[in-house]
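Everything on this sheet refers to the single structure shown next.
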Amino acid sequence: MTEAITLAIDSQFDHVFLVGLSVHAVCAGLGLGDEAAGAVELSVVEAVNNCVEHAYREEPGHRVEIHLAAAFGALRVAVRDRGRCLDWAAACARADAYAADAAAEGGRGVFIMRSLMDGVDYVSTDGLNELILIKRLPSAATEAPRPAAS
Amino acid sequence: MTEAITLAIDSQFDHVFLVGLSVHAVCAGLGLGDEAAGAVELSVVEAVNNCVEHAYREEPGHRVEIHLAAAFGALRVAVRDRGRCLDWAAACARADAYAADAAAEGGRGVFIMRSLMDGVDYVSTDGLNELILIKRLPSAATEAPRPAAS
Amino acid sequence: MELAQRIEGSVLVAKACDHRVDARQAADFKLQLLALVAADHPLIALDLSDVDFIDSSGLGAIVAAHKQLGTRGNLVIVGAKPAVANLFRLTRMDKVFRMYPAEAEALAALMH
Amino acid sequence: MELAQRIEGSVLVAKACDHRVDARQAADFKLQLLALVAADHPLIALDLSDVDFIDSSGLGAIVAAHKQLGTRGNLVIVGAKPAVANLFRLTRMDKVFRMYPAEAEALAALMH
Ligand SMILES: Nc1ncnc2c1ncn2[C@@H]1O[C@H](COP(=O)(O)OP(=O)(O)O)[C@@H](O)[C@H]1O
Ligand SMILES: Nc1ncnc2c1ncn2[C@@H]1O[C@H](COP(=O)(O)OP(=O)(O)O)[C@@H](O)[C@H]1O
């Protein structure tokens, strides 16, 4: 059984919180507990921020799409833009260096996504860039939202 | 200041709850209290159900879009399909008759939307059908979500 | 749609175990409710205390069971949360179905 | 981003009044925090108890203020909710900033 929804915003930071709120609610509805839903929310917000900031250089008027689909026991989120693409291998390599630098003001987004999600990948084809985030869903036996184990 | 997000699902009842959950969360984030957010959620779910059931006759593979935008102190939700269109005046006239019939198993969707929202309209242009739902947002002074006055 | 069933005296208590009763489950929900009526349970307490959201198709399933039951019996609602109670009130179904905050009150009323 | 300010003894208590500290507010949030540092407030308790969500840009604004403060003073975090505390822990910023559940404990620690 697949359950799927697509979200889309214009490339502006002002709209990103609406994505975060929606993603959190969708995750809760798919059975993720509050902490896991918050982890997906944060990862998606980081990915969408990167589209606005880097792929579109904060230029409004472009579209960022967030495709959420639950299937085979996992949530798959694809964050799509048609802006500048990213050297994913280099970004991953840099991510760990930045994360270790306590004085860095930025550069933590990729590290955060890779830490919180069960899988992260990036593909760019014909001008369409897609960052893919995977989070395992609780099995049916534990499907009810559980209190956050913080 | 406009804040906007678009949601989209395939024309299947299985996906509608994801729209409901997202809409509720977006409404809460825009300052609506829990009861008002629930009213918008229900109205949008009724509208999307109608697209699936009537506009697309429960045929999957078609797109239903939900455009949410907050501006000028109101939330505007446009539910869009490209299926069969609706005689809105006739639907409104029938809505009140159905609502008065306690034994009717269906026919309450339009009545519900018109009761819960501050404005409802329907336009169909070049094959694009758009049901528009308007809900006033609390003014800045009372922007914090208030407990539902049930 | 999981509908957990239990007999309490002369009353069948049926509890909707989903958080949402919407068009996705309405057809199945209606069939299950009609099956209870067909199985000759004239007194039914429908527990909606786990339901956070119900739409007009979910409501329609309950109306269908109530119609099928006719004057042979009674179907009452237990534990409706605010969003659910609001829909019953808005559609005036709170005049058709007696609504009780808790099961004990529903049982007491149904068994006289 | 509204940052409510109050003096408690030698400490400036600054409370973030938004529920979300994200890229929408990060630039303004950073400017306001830097202004506090520039206004010669070496002891700052940043109250995040109203914040439900913070992302790396919001965190970056706090790191910027901390850097500006250098060894001249101290900036501590008060009342971080689980989602906020999780981000500090994940990025090891809980080793850089002392974090207190409530203001009284932060004030006691900052004033020795
Ligand atoms: N969607 C993207 N498009 C282009 N470049 C990107 C994208 N996402 C990230 N990058 C590049 O990868 C770097 C690391 O990203 P990130 O870890 O999120 O940190 P930050 O965005 O704070 O710099 C960015 O500085 C940018 O150069
Ligand atoms: N999006 C739509 N496209 C086409 N017809 C519609 C649409 N929405 C509603 N209708 C028509 O209006 C009627 C009333 O709709 P509604 O009040 O929602 O009740 P119900 O869907 O339960 O019949 C429907 O039965 C249908 O004939």
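Per chain, numbering begins at 1; letters A, B, ... match sequence-line order. Side chains included, hydrogens not; waters and symmetry mates left out as well; all remaining heavy atoms used.
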Part of [X] lying under 4.5 Å from any heavy atom of chain A:
{"X": "D/Ala83", "value": "neither"}
{"X": "D/Leu59", "value": "side chain"}
{"X": "D/Lys30", "value": "side chain"}

### Task
Let me know if A/Leu21 has heavy atoms under 4.5 Å from chain D in its side chain, its backbone, both or neither.
both
### Summary
Applying a strict 4.5 Å limit to non-hydrogen atoms, the region of A/Phe17 in contact with chain D is both
### Residue pair A/Arg108 / D/Ser56: nearest heavy atoms and the distance that separates them
CB-CB, 4.1 Å
### Task
Of all the heavy-atom pairs spanning A/Ala102 and D/Val63, show the shortest one and how long it is.
O-CG1, 3.7 Å
### Task
Look at D/Asp22, D/Asp52, D/Asp55, D/Val96 and state which one has the largest set of heavy-atom pairs under 4.5 Å with chain A.
D/Asp55
### Query
So how far is it from A/Asp101 CG to D/Arg92 CZ, rounded to the nearest 0.5 Å?
12.0 Å
### Query
In Å and rounded to the nearest 0.5 Å, what is the NE2 to CZ distance from A/His15 to D/Arg24?
8.5 Å
### Query
If you count the non-hydrogen atoms of other residues, nucleotides and ligands that lie under 6.0 Å from OH in A/Tyr122, is the total more than 12?
yes
### Query
Which of residues 37-60 of chain A have a heavy atom under 4.5 Å from any heavy atom of chain D?
A/Glu41, A/Leu42, A/Val45, A/Glu46, A/Asn49
